[in-house]
> 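Got a structure here, written out as structure tokens. Questions coming.
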Amino acid sequence: MIRFKVNGQSRVFDGDPEMPLLWYLRDEAQMTGTKFGCGIGQCGCCTVLNNGKAARSCVTTMKDVENASVTTIEGLSKNGQHPVQKAWKQANVPQCGYCQSGQMMQAASLLAEKPKPTDQEIDAAMQGNICRCGTYQRIRQAIHIAAGVRA
Amino acid sequence: MNSIQKVSRRSFFEGIFSTGALILGAQVLPESLLAGDVDNATWHPSVYLGINPDGTVIALTHRSEMGTGIRTALPMVLADELEADWKHVRIEQGIGDKKYGDQNTDGSCSIRDFYTAFREAGASARLMLERAAAAKWNVPAAECKAQLHQVVHKSGKKLGYGELAALAAKQAVPQKAELKLKTPAEFRYIGKDVAITDMDAILTGKAVFGMDARVPGMVFASVQRSPVYGGTLVSFDDTEAKKVKGVSGTATIERFKAPHNFQALGGVAVIADSTWAAMQGRKKLQVKWDSGTHAGFDSAAYKDELLATARQPQKVMRAVGNVDAEFAKGGKTLDASYYVPLLSHAPMEPPVAVADFKNGKVTVWTCTQNPQAVQDTVAGAVGIKPEDVTCNVTLLGGGFGRKSKPDYAAEAAILSKQLGKPVKVVWSREDDIQHDFYHSTGGMYLKAAVGANGKPTAWLQRSVFPSIGSTFDDTAQYAMDLEMGLGWIDLPFDIANHQAENGPAKHHVRIGWMRSVANIYHAFAIHSFVDELAAAAGRDRVEYLLDLIGPGRKIDIKTTPPYWNHNQPQEKYPVDTARLRRVIEVAAEKSGWANKKPSKNRALGIAAHRSFLTYVATVVEIEIDDQGRLTIPEMHFAVDAGQIIHPERARAQMEGSGVFGTSIAMMGEITAKNGAIEQSNFNNYPVARMPEAPRQVHVHLIPSNELPAGIGEPGVPPVAPAITNAIFAATGKRIRELPVRKTKLV
Ligand code: FES
Ligand code: FES
């Protein structure tokens, strides 16, 4: 029996401890904001916060989250008011939008660690997150905006 | 309830519109039908607009949203002519239905084909509302004017659209001649930036993509397909697969019958109670395949074949003057071969579909660019009529052409029929990359006779590639007309002797269309060759390119078969070199071309291409470090796409094209050995990530009231040659084969 929290809510899981968190969230908890893009930790679509730090939920198993506190896009803020979400809106970042939950979770993790990241720090932190639509420059811009909002 | 479940035809009419709503269908006859037999053409209402008694305006979008912003842009057009208040406009996604006209969202044509229809629908409703108010007040209609969701009489009295809806519904639908469309100065939304409809849903994780579709009682399937295209199932052992917790069984899908069209490839499906269990079960499957006729496909040997074919005389597709006579004069010539490999679309969301077969009918929920093709394909797959297939369209996590081909929906329907319950088929990334409808590989040969000043007196070009036609005709070896029309037989240069040819190639994988299609390899060859000629002549690239294009004029492309021109008559959308020159001049000016001289590490490259009736010039600035690592500090796009509806989304599409083009130029490559694709995921099929993507893409939209043209695709073709031309300027290395990563730059 694995106990953990998702967006502040206590949960228990007694299935396959090797199952990735991604599929627990999507298929069992029916929280589909966290996306599947590659399944091997290569694209970042499935990024969530595991105890506040960005983690790829497709390669994070259920046993890895024992006693952990997981935050997904659905729990990033009430009503989309996280600085990252507001900045994303201001910069009109999304195109198809599929990668964006992962991008925002990664950005939120970066900003929690480095409130005023440089371009280089943004590139280093975000390079695991693919956007096939090509919204990168707006993501970078939005992270700077969010950093300003936080100040 | 899952929000996508609400969007069925019945609920659209019974649920969304309350009683008394004004429903208006605009008639659209596609241009392609006009050109043919008008009498037999069916008129399909393609646009729906409703006004509820509470004043809510409902815009039904029949085109798919994959990131271009079309779900916002077309309703903007409608709302503008309707004089609706955007705050009170609700957008609903249409299901697949022929009555909407064409729904295949590709070819960058949603605005081009439906701009006028949406304007007329809005203007028509506006006039009916004004007339309804006039009748109620018993005043002349000319004294009533629709203004931001209400009709205002000259005396100052007002009635809201909601109050007028029931009365307006009783008005006769106006004749087209009665409609007064707005002048550009009167536009309220067209040409302005409006936040995309799905913004908040995307930002909070609530947006529903195909991957997120779920219906009660649904099971999950993961399908093992033949590693070689066209392979057939010999036998399989599912003993171990069935032992996986959550797996309920297996089922087989029959192989397609040639031509493959959009049919399911065939294979063995593992059925389970979650995506994960299905995928785990599948790993335990033992399957034996008969690989069939394509088992010998080796992409390296195939490449040599394409290039060898391109060096031999081939079928002439366009001839101007006489190239042979000019070459026979024995003057100086230059020639070169170019190659672009197979590419995979790799949209961020892999293909996925839910289908429910019940009582001889199928309901599908899927991310598709082409819901009517879903109806046809699913109907064919399970032996029912297309009208008995309801296709609900979700948001698409990227499409790029892959999701025009609904083989994945056919798989879900076939399995649902067998199992008697709704089935969700989820493609893994490996499935996606190994079983794509690939962007065609192309081999090109170009030769020029060089005259005074390095300008060609003759220009010969041959392209050889497996055609998209092979998807619909297994024996097809030559290009379809549309492929020849994509940047090949429309060369806009001022050269007395010109010939474009096409050679045969057999297909060994499924060939599809990917964002900008054949323009990708055609533009790469043409604009690399232009750069080679300019370099040989020692001339400035911009100046040379303008000289090559010659004076501003409209070129009449005369070919047999006729130049495709995106199904548009050349009189309406001519090949206009003045517009092509203009984008080059703007891109050069904005990028500071004249003042940035190339150095060992840093240089600019340019290419300009007309596609999807849009003119685009791209200037790329590259930097190469001591390790040979290339970065792109800046990219400039000058774009003339005629009237722009949503400038901010147009810029976004160009920014995205810059990144997509960078992936093609720098890293994209699909290869095959023994018939099987060698790549499988983003680790071995890399696409541009943030540090590799252009740091800053600057987009310069040429203000224009010309007819609207394409935006989603035309930014892609010039990117690769602009990058490789910049590499030549910086290093002297000429890249004639993509991707660049195969060449050491220092
Ligand atoms: S799905 Fe997890 S990194 Fe791609
Ligand atoms: S917005 Fe489409 S993949 Fe990023």
Side-chain angles (χ1 to χ4, degrees), chain A residues 15-16 18-20 22-24 26-28 30-40 42-43 45 72-77 79-80 82 84-86 88-89 92-101 104 119-120 122-124 126-140, chain B residues 65-69 193 195-196 198-209 211-212 214 220 245-246 274-277 279-280 346-350 395-400 426 428-430 648 652-653 655-660 663 681-683 687-691 693-697:
Chain A
D16 180 359
E18 295 300 324
M19 180 166 87
L22 171 68
W23 298 113
Y24 170 82
R26 292 187 52 82
D27 289 348
E28 296 215 10
Q30 297 192 28
M31 294 166 69
T32 54
T34 306
K35 302 301 184 199
F36 165 60
C38 71
I40 59 165
Q42 281 283 323
C43 77
C45 279
T72 69
I73 186 68
E74 290 91 343
L76 184 60
S77 71
N79 310 320
H82 188 279
V84 159
Q85 288 164 310
K86 290 204 284 198
W88 246 243
K89 189 167 178 165
N92 285 310
V93 174
Q95 286 187 27
C96 80
Y98 193 79
C99 73
Q100 300 296 346
S101 325
M104 287 184 283
D119 272 5
Q120 285 68 26
I122 293 173
D123 275 25
M126 301 305 294
Q127 67 176 335
N129 292 72
I130 296 173
C131 174
R132 189 70 165 136
C133 295
T135 63
Y136 299 122
Q137 79 186 44
R138 298 204 192 193
I139 290 173
R140 196 185 292 116
Chain B
E65 182 58 83
M66 52 187 155
T68 62
D193 296 338
I196 56 168
D198 301 295
M199 180 67 83
D200 290 337
I202 288 169
L203 295 184
T204 53
K206 294 192 187 95
V208 178
F209 294 87
M211 192 60 80
D212 309 327
R214 186 182 189 109
F220 299 78
K245 192 163 174 272
S274 75
T275 318
W276 170 248
M279 285 174 168
Q280 287 307 100
M348 223 55 243
E349 173 196 43
L395 290 176
L396 283 66
F400 312 120
V426 181
S428 66
R429 179 58 60 194
E430 289 78 7
E648 185 276 319
Q653 282 302 295
E655 292 164 14
S657 298
V659 178
F660 204 84
S663 295
N681 207 316
F682 292 119
N683 53 343
V687 295
R689 295 168 181 274
M690 188 182 274
R695 271 206 104 52
Q696 199 65 43
V697 176

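All chains are named by letter (A, B, ...) in the order of the sequence lines, taking the proteins before the strands, and each is independently numbered beginning at 1.
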> Can you tell which part of A/Met104 gets under 4.5 Å to a heavy atom of chain B, answering side chain, backbone, both or neither?
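Just the side chain, heavy atoms under 4.5 Å.
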
> How close do A/Ile73 and B/Leu203 get, counting heavy atoms only, and between which atoms?
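A/Ile73 and B/Leu203 have their closest heavy atoms at CD1-O, 3.5 Å.
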
> Identify the two heavy atoms, one from A/Gly37 and one from B/Phe682, that lie closest to each other, and give their separation to 0.1 Å.
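Heavy atoms of A/Gly37 and B/Phe682 come nearest at O-CE1, 3.9 Å.
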
> Does the A/Tyr136 side chain pair with the main chain of B/Ala688, one donor and one acceptor, at a distance under 3.5 Å?
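Side chain of A/Tyr136 to backbone of B/Ala688, a donor-acceptor pair under 3.5 Å: yes, one is there.
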
> To the nearest 0.5 Å, what is the distance between CD (A/Gln95) and CD (B/Glu65)?
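Reported to 0.5 Å precision, the distance equals 9.5 Å.
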
> Any idea which heavy atoms bring B/Trp276 and A/Met19 closest together, and the distance?
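Smallest interatomic distance, heavy atoms only, reads CD1-CG, 3.3 Å.
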
> Sort A/Leu22 into side chain, backbone, both or neither according to what part of it lies under 4.5 angstrom from a heavy atom of chain B.
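Answer is neither: A/Leu22 stays 4.5 Å or more from chain B.
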
> Tell me which of these, A/Glu28, A/Lys35, A/Gln100, A/Met126, has more heavy-atom pairs under 4.5 Å with chain B than the rest.
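Most heavy-atom pairs within the cutoff with chain B belong to A/Lys35.
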
> Can you tell which of A/Gly39, A/Gly75, A/Ser77, A/Cys38 has the highest number of heavy-atom pairs within less than 4.5 Å of chain B?
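Of A/Gly39, A/Gly75, A/Ser77, A/Cys38, A/Cys38 has the most heavy-atom pairs under 4.5 Å with chain B.
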
> Under 4.5 Å heavy-atom distance to chain B, tell me which part of A/Asn129 shows up: side chain, backbone, both or neither.
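Answer is backbone: N, CA, C or O of A/Asn129 sit under 4.5 Å from chain B.
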
> Are the side chain of A/Gln127 and the backbone of B/Pro691 linked by a donor-acceptor contact shorter than 3.5 Å?
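Side chain of A/Gln127 to backbone of B/Pro691: no pair is present.
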
> Output yes when A/Asp123 and B/Arg689 qualify as a salt bridge under the 4.0 Å nitrogen-oxygen rule, no when they do not.
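A salt bridge is absent here (no side-chain N lies under 4.0 Å from a carboxylate O).
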
> Go through the structure and list residues passing side-chain contact (heavy atoms from CB on, under 4.5 Å) with B/Thr275, not counting sequence neighbours.
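Expected list: A/Trp23, A/Asp27, B/Phe220, B/Met279, B/Val426.
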
> Checking A/Arg140 side chain against B/Arg695 main chain: does a donor-acceptor pair fall under 3.5 Å?
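Indeed, once roles are kept as given, a pair shorter than 3.5 Å links the two residues.
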
> Please rank A/Asp16, A/Thr32, A/Thr135, A/Asn79 by heavy-atom pairs under 4.5 Å with chain B and give me the top one.
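Top option by heavy-atom pairs under 4.5 Å: A/Thr32.
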
> Please give me the minimum heavy-atom distance between B/Gly397 and A/Tyr98, naming the atom from each residue.
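Looks like CA-CB, 3.5 Å.
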
> Which atom pair, heavy atoms only, marks the closest approach of A/Cys96 to B/Ile202?
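A/Cys96 and B/Ile202 have their closest heavy atoms at O-CD1, 3.9 Å.
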
> Below 4.5 Å, heavy-atom pairs only: which of B/Met66, B/Met348, B/Met199, B/Arg429 has the largest tally toward chain A?
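Ranked by contacts with chain A, first place is B/Met348.
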
> Pick one of side chain, backbone, both or neither for B/Ala201, based on which atoms fall under 4.5 Å of a heavy atom in chain A.
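Neither part.
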
> Using non-hydrogen atoms and a 4.5 Å limit, figure out which bit of B/Glu430 sits close to chain A: side chain, backbone, both or neither.
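Contact with chain A involves the side chain of B/Glu430 alone.
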
> Does any heavy atom of chain B fall under 4.5 Å from the side chain of A/Ile130, the backbone, both, or neither of them?
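The answer is both parts of A/Ile130.
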
> Which bit of B/Ala207 is near chain A, if near means a heavy-atom gap under 4.5 Å: side chain, backbone, both or neither?
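Contact with chain A involves the backbone of B/Ala207 alone.
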
> Return the set of residues passing salt bridge (charged side-chain N to carboxylate O under 4.0 Å, His left out) with A/Arg132 (not counting sequence neighbours), or none when no residue passes.
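Residues passing salt bridge (charged side-chain N to carboxylate O under 4.0 Å, His left out) with A/Arg132: none at all.
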
> Taking every heavy-atom pair that is under 4.5 Å apart, which of A/Gly134, A/Cys45, A/Cys99 has the most such pairs with chain B?
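Of the options given, most contacts go to A/Gly134.
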
